[in-house]
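For this chain, numbers begin at 1 and follow the sequence in order. Just so you know, these numbers come straight off a predicted model, no measurement behind them.
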Amino acid sequence: MSEQGDWVLIGLDENTARRQGIPARMPVPRGEFEGLAEKGLGIDAARKWIKDFLTNSEPGKSGVWRKQNSALVSQFEAFLDKAPVWERAQKAFAERDYEKAISALKRITVMDPDDHAARLNLASAQANTGDYPAALKSFQAIRKTFQGDADYHVAVGQVHLAMQKKDAALDEMVLALEAKPDCQPALDAMVQLGVLVPLYENPRDAASLVYVRSDAVFTYLTGQWDEAPRDSAFYLEQLAYHERELRHDVALAAAERAMAAGADGERGERAQLARIAALRALGRVDEALVAAEAYAAQAPSSSGAWVELAKCLSQAGRGAEAPAAIERALESDPGDLAALSLRFWPQDPADIQQVNAAIPALAAFVAAHPDSAGARRSLARAELVAGRIDDALAGFASAVALAPEDDDLRAEYWSELGKQQRYKEILADAAKLEDIGKRDWKLRWNEAEAYAALGKNIEARAAFSAINFDESLHVDVRRRAKRAVKTMDETPPVVT
C-alpha cells in the first residue's frame, strides 16, 4: 500500500484480481479506504475510482508519475477501455446470443490477457454453442486461477459430461465437493453419473436428505436402522418408500425386519407380500415361489397371497398353473385389482383393441359380483382405455358408492373428473365428506386443483397449504404443495 495525496494505492491478491478482471493495484480514495473491508470492492466502484484518479489526482495528471508507472497506467486504461465491451458481452448473454458474446469476450482477452473473468465467461459461451473442445481449452487456460472454486469445477465437469468423458467429469465434481461439500450442482451431477443416490432417512423429513454412494445404499440404511430399536410401523414406512424407488434389496430387508418386529394382521400381510415381490424383482424366483406357496397355505383367504403365487408361477416357467391361483384370488376378493388385471386384461393395458375385446367378460364378472367396488373400478378403467368416458365415470361413481371409505378409489374418480374438467362435480362430492382434512392427500390434492381451476384461489391456496404443513406426508408431496402455492402467488387469479 502506498499513499498518493488524497488517494491510497492498495495491492490486491493477484489471483483475486485475475478472477475479477481488475488491476492488481487499485487507487482508493482515502475517505473510502476504511470502509473498503466491510463493503468490498465492486467493479463499478473500481472503474469510477480509476477514472477519477487518472483524471483528477495529482499523480494521475503528473507526466513524471505516469512515465515511472507506465505499466500500471496501461492496466488502468485497459480496464476502462474494456468497460463498453463488457456491456456488449453481458447484453449478448441476456439475449442468449452466444456468438456475439464470444466475439466481445475474445476482444477483452486481447485487451487484457489477465482478465480471467472474461476467459471464464468465454468458456461458458463456447459451451453454450456446443463448441466443447474450445470451451475446455478456455477453462484449462485459467485453471490455476480458479482452482478450488466449486462453480468452476462444476462448469468444467459439465463440459466433460457433454463430451462423454465421465471419469474426467467425476474428478471435477469431486473437486467441487471438496471445495464446497453442499454444492448442489455437483451432487446432482454425481447422481446423474450414477455415483450417488439421494434418499431420505425419514421420508417425512426434508432435513433427512442425504447423498449416499450408489453401491453402499443398503449398507448405509441398514446401519442407520441398527442404531436404535425400531417397530414394525417404522419398517413398513421404509418399505413403502424404498419400494416406490425400486430399491428392491432395501425393500426386502425392510419387509423382513417388519415381520421380525411383530407385524401382524394387515401389516403382517403387507410385509409378507412385499417380501415375496422383492424376491421376484431381485430375480430370486425360486425363493419367492417357496415363500408364496407357504404364505398362500398359511393365509388362504388372502387374495394377495394367491396373486403373488400366480406371478411367481409365471416367472418360474409354470404359467399353466397360474390361472388356478388367480381364480383362488378372485374367490377370496372379487375386487382385487391385481387379480382382475391378470384374469381379464391383455398384456398391454394400453392396447385399445384388446382392452375393448376384454370388456364383455369383465362386465359379466361385474354383473356376477354387483357388490364389488374393485370389480366396477377395473371395468371403469377398461372403459376409459376404450374411450367410453361417460360409462367409465358412471362406473367409478358406482364403485365409490359401494366403498365410500376407499380414499384411493375416490381419488382416482376425482382425477378422471378433473381430466374432463368436471371440477364442480369434484367439489360437490367433496362437500359430502365431513372430514376431508383427515383423508388421503390425493383426495385433498384433487380438491385443491378443482378450486384452482374454478378460480377459487383462496380455497385452493388453503387446501394446498394444508397439505404442505401436514408433517405426516412424504416430503416430496409437501414440496409439490408448496410449489403449487408459490405458483398461485406468482400467477394472476383465474377469471371465471
Could you grab the distance from atom [atom1] of [X] to atom [atom2] of [Y], nearest 0.5 Å is fine?
| X | Y | atom1 | atom2 | value |
| --- | --- | --- | --- | --- |
| Asn468 | Arg480 | CG | CZ | 12.5 Å |
| Glu14 | Thr145 | CD | OG1 | 10.0 Å |
| Glu256 | Leu239 | CD | CG | 11.0 Å |
| Met26 | Ile50 | CE | CD1 | 4.0 Å |
| Trp225 | Tyr235 | CH2 | OH | 7.0 Å |
| Asp115 | Trp86 | CG | CH2 | 5.5 Å |

Would you find a donor on one side and an acceptor on the other, under 3.5 Å apart, between the side chain of [X] and the backbone of [Y]?
| X | Y | value |
| --- | --- | --- |
| Gln315 | Arg280 | yes |
| Thr109 | Arg119 | no |
| Thr222 | Thr219 | yes |
| Asp13 | Thr16 | yes |
| Gln272 | Ala255 | no |
| Asn69 | Leu72 | no |
| Ser138 | Ala134 | yes |

Inset, instruction - Not counting sequence neighbours, list each pair that qualifies as a side chain to side chain donor-acceptor pair (under 3.5 Å) and has a residue in residues 87-103. - result: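 Listed by first then second residue: nothing to list.
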
Inset, instruction - Look at the rings of Tyr152 and Phe146 and say which category their plane angle falls in: under 30° parallel, 30 to 60° tilted, over 60° perpendicular. - result: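 Correct class here is parallel.
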
Legend entry - Residues Arg478, Asp470: salt bridge by 4.0 Å N-O rule: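 Looking at Asp470 together with Arg478, the answer is no, because their closest N to O distance does not fall below 4.0 Å.
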
[Y] and [X], any side-chain heavy atoms less than 4.5 Å apart:
| X | Y | answer |
| --- | --- | --- |
| Val210 | Leu199 | yes |
| Glu449 | Ile426 | no |
| Leu175 | Glu178 | yes |
| Val174 | Met190 | yes |
| Asp6 | Pro29 | no |

Inset, instruction - Establish, yes or no, whether a centroid distance under 6.0 Å links the rings of Phe79 and Trp49. - result: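 No - the distance between ring centres of Phe79 and Trp49 does not fall below the 6.0 Å cut-off.
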
Inset, instruction - From the options Arg244, Arg204, Glu237, select the one residue that forms a side-chain contact (heavy atoms from CB on, under 4.5 Å) with His474. - result: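 Of Arg244, Arg204, Glu237, side-chain contact (heavy atoms from CB on, under 4.5 Å) with His474 is met by Arg244 alone.
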
Inset, instruction - Please determine which of Arg422, Arg410, Lys424, Arg439 meets the salt bridge (charged side-chain N to carboxylate O under 4.0 Å, His left out) test together with Asp429. - result: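 Between Asp429 and the candidates, salt bridge (charged side-chain N to carboxylate O under 4.0 Å, His left out) is satisfied uniquely by Arg410.
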
Legend entry - Shortest non-hydrogen separation from Trp7 to Ser57 and the atoms involved: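 Nearest heavy atoms, Trp7 then Ser57: NE1-CB, 3.4 Å.
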
Legend entry - Donor-acceptor pair between Tyr413 and Asn446 side chains, under 3.5 angstrom: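 Tyr413 vs Asn446: no donor-acceptor pair found between side chains.
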
Legend entry - Donor-acceptor side-chain pairing of Asp205 and Ser208 below 3.5 angstrom: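 Judged by distance alone, the side chains do not pair up.
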
